[in-house]
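To keep things clear, I will list the structure first and then write my remarks on it.
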Amino acid sequence: MILVLDFGGQYNQLIARRVRENNVYCEVHTLTDEKISVDKNVKSGLGTAINFSAIKNLNPEGIILTGGPQSVYEKNSSLPPKEIFELNIPVLGICYGAQAMTKILGGEVKPAEVKEYGKTDAEIFESKIFKNVEKKTVVWMSHGDRIFSLPENFSVTAKSENCPIAAAENSQKNLFAIQFHPEVLHTVEGKKIFENFIEICGCKKDWKMDSFVEEKISELKNKIGGGKVLCALSGGVDSSVAAVLLSKAVGKNLTCVFVDHGLLRKNEAAEVEKIFSNYDLNFIKIDAGERFLKKLSGVTDPERKRKIIGEEFIRVFEEIAKKIGAVDFLVQGTIYPDVIESGLGKSAVIKSHHNVGGLPDFVDFKEIIEPLRLLFKDEVRQAGRELNLPENLVSRQPFPGPGLGIRIIGEITAEKIKIVQDADAIYREEIFNAGISKNLGQYFAALTNMRSVGVMGDGRTYDYAIVLRAVLTNDFMTADAAQIDWKILNKIANRIVNEVKGVNRVLYDCTSKPPATIEFE
C-alpha cells in the first residue's frame with residue numbers, strides 16, 4: 001500500500017484515486033503527535049490520525065505528502081517528521097507537501113512574487129518521476145508560496161515561467177517534490193507521473209474490487225454479528241450497493257428504508273419502489289414530503305438546507321428503528337467525495353453532505369456504518385457489478401441525497417419543486433433520445449432564483465430561468481462541462497419554455513469543476 005498524509009488540500013482525495021486506478025491500495029491519514037499504534041495487517045480507514053510510530057507499523061511502500069492551505073514558514077503549520085525521509089522508501093511531496101519536504105530538509109520556501117492558479121505551461125527535465133512525460137506540457141498550479149532554494153543533493157526537474165523550481169528530486173533517496181498538482185486531470189501527464197511513482201515504489205498492482213467486496217462482507221459480518229441494521233436507501237447507486245453488501249452480510253436482519261422527502265425527480269419514488277420490489281430486502285417506503293417542506297420553509301442558505309435535510313432524514317430513520325425495535329446500526333451510502341467536500345482533517349468544508357457534515361450532533365443509533373466510505377463513484381459502480389447488480393442500476397444517473405433541495409436556488413416551495421421536476425424530466429428525455437446519455441457523467445436541470453422579462457404569445461412574462469448542467473467526469477471530484485450540440489440544447493430549451501409553466505428562459509452552465517462544483521448548492 002501507499003500512504004497519503006493529508007495536509008488539508010482540496011485535491012487530496014484525487015491522489016488516492018490516482019493511486020487506486022493503478023490497482024494499488026492506499027490510505028489517507030492526518031498526522032498527529034499522540035501515542036497511537038496501527039497494526040500493519042489492519043487497514044485503519046481514511047482520515048484517521050496517525051503518528052510516526054503508526055506509519056512505520058503500516059509499512060507502506062511509499063508516502064505521498066498532499067497539498068494544503070497553510071504556509072510552511074508559519075508558526076503553527078503542520079509538518080511531517082524528518083524521520084519520514086529516512087525510511088528508505090520513496091516520498092512524493094505535492095504543492096504544500098513539496099514545500100514541507102524542502103523546508104524540513106534544509107531548503108527555503110517564501111511567498112512567490114507571482115502566484116500561480118490554473119493551467120500553466122511547464123518545461124520538464126530528465127527525472128525518474130517524469131519518465132515518458134512530454135518535455136513541454138500543461139500542469140495545474142495552485143500556490144501562493146514557492147521553493148526558492150533546494151536542500152542538499154536535490155536538483156531541479158521542472159520549471160514554469162513564474163516558478164523556476166516547479167519540481168525537484170533527490171534521485172539517490174527517491175525523494176520527489178512537485179509544486180503543481182499531478183492528481184488533477186488538468187495536468188495532462190499526471191497519470192504517467194503517478195504510474196512512475198508507483199513503479200519507483202515497487203508496488204505489485206494487485207488491489208482489485210472483487211477483493212474489496214469479499215473483505216467488506218466479511219468485515220460487516222464480524223462487526224454486526226446478529227444485530228439489526230437499518231439502511232438508508234435512496235435508490236441511487238451508492239445506497240443500493242451498500243444495501244446489497246449488507247444483505248449478503250446480515251441477511252434478514254437488514255431493513256431498507258426509502259424516504260420520499262418530496263424533493264425527488266419526476267416519478268422517482270415509483271421507479272425506486274419498482275426496482276427494489278425485485279430484491280429480497282425488507283423494504284419500507286416513507287412518504288415525508290410535507291414534513292420536509294415544512295422544515296425548509298423560508299430557508300435560503302444552502303448549508304442550512306443541507307443540515308435540515310440531513311437531520312430530518314436521521315429523525316425519520318430513528319422513528320422507524322423504534323417501531324422495528326432493537327436496531328443498533330444505521331447504514332449510509334456515503335462515498336469518499338462526500339467525506340472530502342464535507343471537510344476531512346484540515347480540509348475546508350466545500351459543502352456539507354446531508355449524510356456527513358449535515359448530520360445532527362446527536363444520532364440515536366449505536367453506530368453509523370458507511371461500507372463505501374473508502375470508494376470513489378466509479379469504484380462503487382465496479383463493486384455493484386461484482387455484486388451482480390443490473391447494469392441499469394449500476395450506471396444510474398447520480399442524484400444527491402438532498403435531491404432538488406440543492407437544485408433550487410433560494411427558498412424551496414411546492415411550485416418550484418414542480419417546475420424543476422418538469423424541466424429536468426424534459427432535459428433527461430431529450431438527452432436520452434439524442435443517444436448521448438451514456439457519454440455524460442452527470443446531467444440535470446436546476447432552478448435559479450432569478451426572474452426576468454420575456455414575451456410569450458404577444459404578452460409580457462416575468463418568470464424563472466432554468467439552468468442546464470452536464471459534465472464529463474470519471475471520479476466526480478473534477479469535471480469538465482460537456483459540449484452538447486447546439487441543436488439538442490435548442491430543442492430542450494424550446495420544450496422547457498413551452499411546456500413548463502413559470503419558465504421563460506433557459507441557460508447552459510459551461511463551468512468546470514473546479515472552480516465550480518457539479519451541483520449548485
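Residues: numbered from 1 along the sequence shown.
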State, to 0.1 Å, how close Val19 and Ile64 come at their nearest heavy-atom pair, and which atoms those are. CG2-CD1, 4.0 Å
What side-chain donor-acceptor pairs closer than 3.5 Å can you find for residues 94-104, not counting sequence neighbours?
from: Tyr96; atom 1: OH; to: Ser78; atom 2: O; distance (Å): 2.6
from: Gln99; atom 1: NE2; to: Asp145; atom 2: O; distance (Å): 3.1
from: Gln99; atom 1: NE2; to: Gln179; atom 2: OE1; distance (Å): 3.0
from: Thr102; atom 1: OG1; to: Ala98; atom 2: O; distance (Å): 2.8

When rounded to the nearest 0.5 angstrom, what is the spacing between CD1 in Ile124 and OG in Ser160?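 Nearest 0.5 Å value for the CD1-OG distance: 10.0 Å.
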Just how far is it from atom CD1 of Ile200 to atom CD1 of Ile89, taken to the nearest 0.5 Å?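 Separation between the atoms: 13.0 Å.
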If the threshold is 4.0 Å, N to carboxylate O, is there a salt bridge linking [X] and [Y]?
X: Arg469; Y: Asp509; answer: yes
X: Lys192; Y: Glu195; answer: no
X: Arg385; Y: Glu391; answer: yes
X: Glu116; Y: Arg146; answer: no
X: Glu123; Y: Lys135; answer: no
X: Glu169; Y: Lys128; answer: no
X: Glu83; Y: Lys56; answer: no

Side chain to side chain contact (heavy atoms under 4.5 Å, CB included) with Cys203: which of Asn22, Ile2, Asn23? Ile2
Has Arg407 got its NZ or CZ under 6.0 Å from the middle of the six-membered ring of Phe444, at an angle within 45 degrees of the ring axis?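 The answer is yes, since Arg407 meets both limits relative to Phe444.
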Run Arg20 and Leu375 through side-chain contact (heavy atoms from CB on, under 4.5 Å) and show every step you take. CA-CA 10 Å; Arg20 285 203 214 147; Leu375 304 185; 4.1 Å; yes
